[in-house]
Amino acid sequence: MTAMHTPDELRQLQGLAAQLQAGDWHAAHDGVQRIPGLLAAWLHGIVHLQEGDLEDAENWYERAGKRFRQRESLAQELAQFHAALAQAMAGGAAAGA
């Protein structure tokens with residue numbers, strides 16, 4: 001699994017997170033499982049939190065290098081994910097400048 005994401009993958013993750021926040025975790029799950037990388041693994045774990053599948057959520061958190069047992073609420077996790085995603089997108093923009 002790669003740690004870096006392409007700009008297209010970051011945009012896809014942004015859209016998938018929006019789907020999850022809108023309550024469409026099925027679509028978010030279908031999309032996120034096609035994207036490699038640490039942010040995708042974290043979002044995949046968050047999707048499993050939303051659906052109540054804690055065993056799979058813990059597995060995806062581990063893949064993302066996150067501590068499952070130290071996670072926050074679903075809303076806080078999504079906020080932290082969005083912050084990390086924004087930072088990755090800004091880093092990509094700075095690297096491309």
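- In this structure, Ala28 and Val47 approach most closely via the heavy-atom pair CB-CG2, 4.1 Å.
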Test side-chain contact (heavy atoms from CB on, under 4.5 Å) applied to Leu16 and Ile35, step by step: CA-CA 11 Å; Leu16 293 168; Ile35 303 172; 3.8 Å; yes

CA sep, side-chain torsions, deciding dist, call: Met89, Arg11, side-chain contact (heavy atoms from CB on, under 4.5 Å): CA-CA 8 Å; Met89 293 176 103; Arg11 284 188 295 275; 4.0 Å; yes

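- Glu9 CD to Leu85 CG: the interatomic distance, rounded to the nearest 0.5 Å, is 11.5 Å.
- Between Phe68 and Tyr61, the ring planes lie perpendicular to each other; the angle is over 60°, past the 30° to 60° tilted range.
- Taking both residues in full, the closest heavy atoms of Ala57 and Gly45 are given as CB-O, 3.5 Å, listed atom of the first, atom of the second, then distance.
- Remark: side-chain polar atoms of Glu77 are paired, donor with acceptor, to backbone N or O of Glu72 under 3.5 angstrom.
- Of all heavy-atom pairs between Gly37 and His5, the closest is CA-CE1, 3.4 Å.
- Annotation for Glu55: atom CD does not count as buried by contact number, only 12 or fewer foreign heavy atoms lying within 6.0 Å.
- A distance of 7.0 Å separates NE2 of His29 from CG of Asp56, quoted to the nearest 0.5 Å.
- Listed here is the closest heavy atom pair of Ala88 and Leu39: CB-CD1, 3.9 Å.
- Here NE2 of His82 is found 8.0 Å from CD of Gln14. Values are rounded to the nearest 0.5 Å.
- Between atom CZ of residue Arg71 and atom CG of residue Leu54 there is a gap of 6.0 Å, rounded to the nearest 0.5 Å.
- Heavy atoms of other residues, nucleotides or ligands lying less than 6.0 angstrom from CD of Glu62 number 12 at most.
- Note: Leu38 CG to His44 NE2 = 14.5 Å, rounded to the nearest 0.5 Å.
- The structure places CG of Leu43 at 10.0 Å from CD of Gln19, a figure rounded to the nearest 0.5 Å.
- The minimum heavy-atom distance linking Ala84 with Trp42 is given by the pair CB-CZ3, 3.8 Å.
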